[in-house]
Amino acid sequence: MPTQILQIAFIQKYLCKMFTLQTWIVQALFIFLTTESIGELIVPCAHIHPESSVVQLGSNFTAVCVLKEKCMDDYHVTANDIFWKTGRVPVPYEQYSVINRTASSVTFPNITLINALLTCNIRMFGQINRSVYGIRIISGLPPEKPKNLSCIVNEGKKMMCQWDPGRETYLETNYTLKSEWATEKFDDCKAKRDTPTSCTVDYPPVYFVNIEVWVEAENALGKVTSDHINFDPVDKVKLNPPHILSVNSSKELSSILKLTWTDSRFKSFITLKYDIQYRTKDASTWNQVPPEDTSSTRSSFTVQDLKPFTEYVFRIRCMKEDGKGYWSDWSEEASGITYEDRPSKAPNFWYKIEPSHAHGTRSIQLKWKTLPPFEANGKILDYEVTLTKWKSHSQNYTVKDTKLTVNLTNDRYVATLTARNLVGKSDASVLTIPAWDFQATHPITDLKAFPKDNVLWVEWTAPNESVNRYILEWCVLSDKSPCIPDWQQEDGTVHRTYLRGNLVESKCYLITVTPVYDDGPGSPKHIKAYLKQAAVNVDSSHTEYTLSSLTSDTLYMVRMAAYTDEGGKDGPEFTFTTPKFAQGEIEAIVVPVCLAFLLTTLLGVLFCFNKRDLIKKHIWPNVPDPSKSHIAQWSPHTPPRHFNSKDQMYPDGNFTDVSVVEIEANDKKPFPEDLKSLDLFKKEKVNTEGHSSGIGGSSCMSSSRPSISSSDENESAQNTSSTVQYSTVVHSGYRHQVPSVQVFSRSESTQPLLDSEERPEDLQLVDNVDGSDGILPRQRYFKQNCSQHETSPDISHFERSQQVSSVNEEDFVRLKQQQISDHISQPYGSGKMKMFQEVPAVDAFGPGIEGQVERFETVGMEDAVDEGMPKSYLPQTVRRGGYMPQ
Amino acid sequence: MSGALFSLSWNGTEPAWLKNWRIQSGASGFRKSEPGRSGQEARGWGALIPPLLFPPEDPQADSSASPLPHLEAKIQQTHSLARLLTKYAEQLLQEYVQHQGDPFGLPGFSPPRLPVADLSDPAPGHAGLPVPERLRLDAAALAALPPLLDVVRRLQGELNPRALRLLRRLEDAARQVRALGAAVEAVLAALGAESRGPRPEPAAAAVAASTASAGVFPAKVLGFRVCGLYLEWVSRTEADLGQLAPGGPA
């Protein structure tokens with residue numbers, strides 16, 4: 001029967017049934033298999049014994065590959081053609097052993113940690129190598145006997161046991177916790193892979209029944225069982241922590257706090273003991289209540305020997321009274337404050353005699369220190385001071401502060417001081433204030449002061465007399481500030497103490513120690529000392545040293561000392577005062593300030609230069625110079641007179657000449673350049689509320705460039721002299737009262753034109769004209785003057801008002817003048833002018849201004865001047881008696 | 001209170017184990033710790049005195065230092081177990097009633113005390129029996145209870161399949177009562193009063209099962225009866241063991 005050789009690549013196979021649960025898989029095994037035609041059974045060409053191999057570390061391992069006869073015949077190979085590989089690495093031939101024609105073995109002595117594929121291969125004709133079989137060999141160790149098996153039963157939970165598994169096995173090892181009663185067995189508890197050293201049983205614990213527990217550890221190399229432990233689960237219980245209900249103080253005893261808690265429900269079945277700890281709120285270490293006091297089940301305990309008026313924090317835990325099992329976790333902390341007690345100590349008490357100008361009395365400032373909390377034993381409500389003079393009544397003071405100033409006579413007084421809290425008073429602190437002529441004696445001796453451990457110590461020798469206490473006072477010696485002493489009190493037995501104040505380094509302190517006797521203070525002694533003096537060590541090769549970090553404007557004293565190995569000697573002291581300013585400090589201040597000033601000035605000038613027009617408008621607005629105006633003809637009856645500014649200057653300003661202007665109608669169209677300027681002018685004025693100022697503004701009809709004061713282009717206006725000569729028009733009639741002569745008076749006025757004078761309101765009155773023909777004079781005026789830019793008939797009065805206001809009033813006046821002139825002697829001008837109707841100007845101004853505004857008629861307009869005539873400006877608002885600055 | 005245990009005797013003869021026990025534990029016997037009595041706590045607020053002047057009165061701490069004799073410990077443990085199971089039995093009966101519906105939960109409901117095979121009610125007449133004899137009866141009853149509890153659990157599994165806690169309690173009760181029975185027999189053995197040989201295989205389960213098959217209500221009544229018997233017997237066992245336990249009758 002023919003055979004067919006098939007190569008099946010990557011046949012994954014579990015080689016070892018023992019490790020079916022393991023994740024490793026034989027990745028690839030190239031084998032030749034023969035297939036028989038019937039049923040295509042797969043038959044390997046060889047076999048390796050043992051089939052699966054887990055090898056103990058350090059042992060020898062031998063594998064045998066046995067070839068099938070059929071393969072041998074088919075491929076013409078024998079056991080001599082077998083070679084072995086671990087993974088892809090051939091095994092050295094020294095480890096081979098050909099057993100017979102069909103079998104070859106390989107031996108691995110003292111096997112190390114390995115997890116590899118061992119393959120049996122054959123070398124066929126033509127040096128073709130084929131793998132014919134493979135096994136996975138794994139090395140490891142058998143499990144050790146689990147040790148230290150212990151169990152814990154957390155109250156309300158199931159029992160958990162743990163153990164020490166021993167050495168690493170390098171193999172998958174199963175740990176099984178087994179448990180049983182005398183009467184029955186429980187289900188096994190298999191440890192999870194991630195926690196192979198513990199297991200929690202699946203059944204609830206039954207207390208008071210002994211249970212036997214042990215652990216079985218098993219892997220491919222063996223199985224081992226731990227020692228059995230037999231226990232009552234109640235002896236392995238870890239109870240839930242007690243819950244503190246309250247911490248109560250007692251008014252009768254300020255040194256106790258009663259702690260009340262609730263226990264585990266288990267306490268009805270077992271006896272408990274407790275562990276109570278407490279501490280003050282700010283402390284970090286716990287105090288322990290003696291265990292023997294809490295060795296039985298209870299629900300409260302009174303902690304004693306506590307400090308009054310102090311907050312304590314408590315915690316408690318419990319366990320079985322016999323010590324079997326585990327302490328519970330600590331309870332949540334609870335706190336309580338002991339009740340107040342009377343102050344345990346009298347306050348430190350001292351006095352100071354203040355200068356007094358009254359004869360026969362002294363001003364005494366009594367001062368005392370607040371009691372620290374552990375001596376106050378509560379909140380100090382007030383202090384009671386009693387002053388007693390010999391054979392006289394006492395004076396009582398109740399003070400909340402820590403000082404009291406009293407005026408006393410020069411007699412001897414005895415002052416007592418007590419501190420009071422809610423519970424009671426402290427002992428009295430007694431202080432004798434001697435009479436003014438008292439001579440203090442018996443000072444202390446050998447007063448020393450020295451720094452040590454960052455504090456300033458003071459040491460003295462006590463006088464022979466019995467001293468009640470000592471008062472230590474100290475202050476900083478300074479030329480700048482007065483000596484404001486701090487003080488402290490020491491017992492009469494103390495001869496050495498440190499100053500309990502906030503002392504700073506490099507300051508000289510004047511320390512005074514005063515003994516206090518029964519009859520008053522003794523003679524004080526003084527000493528100066530530093531908490532720390534600045535000192536530097538300088539190498540002997542240097543002969544100069546720069547002191548740094550000195551304070552400015554301060555007097556320093558320097559003393560040099562030279563040292564050898566044998567000792568040192570101080571040199572003379574000298575003093576110096578540090579300057580107020582460092583070198584260059586003034587320059588550093590002045591130069592930047594000057595630069596900043598210059599820069600600011602420069603920027604200001606530049607700004608002003610850029611905004612000069614704006615500034616000019618607000619400070620000295622453009623005022624047309626009437627002297628530059630041209631009036632064509634002032635009176636038909638008088639020779640025309642030209643107001644040439646240059647020719648007609650009246651420096652004395654007393655000109656009161658009267659002229660009559662004769663204005664000829666001129667229907668000439670404005671020059672194109674005038675129209676152009678007019679367009680610009682109108683555009684600006686319609687869109688803004690700016691108004692022209694000055695009387696020199698030209699109308700649209702003017703042949704000259706319009707002298708609009710707000711226009712930047714009007715250079716001539718800018719050149720107007722600050723002294724402006726206005727014209728005064730004096731006339732005596734209008735229409736039917738036509739004066740025979742129009743009188744223009746040129747006045748000299750230096751008053752600038754005001755913005756308000758050009759406000760549209762002034763002209764807005766025109767809007768109120770109740771013209772019978774429905775056409776406002778100014779409309780006509782605009783039509784007349786600005787025929788190319790007719791005002792829209794449907795614009796509002798306000799808009800129109802603005803438009804009107806935008807026109808220089810000069811034009812108005814000019815128009816009026818023309819009307820007057822026409823009315824007197826001139827017929828209407830061109831036909832174009834005739835399209836305008838007459839409207840009484842008085843209607844436009846209304847009755848309110850009737851007396852001020854000259855009546856005039858709207859007449860046809862003509863160019864203000866002929867080409868050959870000098871340009872002139874008409875006078876502005878005409879009023880009786882002359883012009884009025886607007 | 002502490003001496004009550006030792007005033008007890010049966011048949012006028014004090015067993016040898018008791019003599020030994022007395023010798024080992026001292027003439028005054030054992031004192032049980034009493035919560036709230038030790039230290040200054042029992043004296044009230046007005047008479048609080050520092051603990052150094054009044055050391056704790058309870059010598060329990062000292063007694064815990066010396067291990068109890070094995071028998072005493074066994075009796076005490078079994079007694080505690082009986083107490084615990086009495087508590088559990090009360091809870092079980094309460095929970096059982098909750099799941100049966102009316103009329104079981106109605107006040108005054110008292111079904112007839114039907115006889116249960118192999119398990120009789122604790123008879124008042126047993127009070128005059130010596131403790132070992134009573135314990136023998138207790139052990140016999142405890143041995144009969146587990147199969148009955150298993151039957152009840154099976155029945156309740158059909159009637160109240162969602163009452164998981166009840167079912168678990170029934171299962172635990174069967175196991176626990178087996179443990180208590182074994183413990184009582186161990187105590188009897190230690191006392192030298194062996195139980196009367198191997199008991200015949202209880203037929204109670206079969207009889208109970210047949211009764212239950214009669215209908216739902218009889219099944220519920222059977223469970224109610226078994227739970228009640230369970231409570232009565234563990235309670236009586238607790239009382240009987242209390243006669244032996246340190247500290248005297250509970």
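Here is how names work: the chains are called A, B, and so on, in the same order as the sequence lines, proteins then strands, and each is numbered from 1.
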Could you walk me through whether A/V209 and B/L180 pass side-chain contact (heavy atoms from CB on, under 4.5 Å), step by step?
-> CA-CA 8 Å; A/V209 179; B/L180 179 60; over 6 Å; no
In this structure, are over 12 heavy atoms from other groups packed under 6.0 Å from [X] atom [atom1]?
{"X": "B/E90", "atom1": "CD", "result": "yes"}
{"X": "A/D202", "atom1": "CG", "result": "no"}
{"X": "A/K157", "atom1": "NZ", "result": "no"}
{"X": "A/E180", "atom1": "CD", "result": "yes"}
{"X": "A/D187", "atom1": "CG", "result": "no"}

Under 4.5 Å to a heavy atom of chain A? For B/R175 that would be both
When rounded to the nearest 0.5 Å, the distance separating CG of A/D232 from NZ of B/K74 is 8.5 Å
Rounded to the nearest 0.5 Å, the CZ atom of A/F208 sits from the CG atom of B/L84 at a distance of 6.0 Å
So, for A/Y207 and B/L81, which heavy atoms are closest and what is the spacing to 0.1 Å?
-> O-CD1, 3.3 Å
Side-chain touch B/Q77/A/V234, heavy atoms, less than 4.5 angstrom = no
Can you name the residues that form a side-chain contact (heavy atoms from CB on, under 4.5 Å) with A/K190, not counting sequence neighbours?
-> A/T176
A/P204 versus chain B, heavy atoms under 4.5 Å apart: side chain, backbone, both or neither?
-> side chain
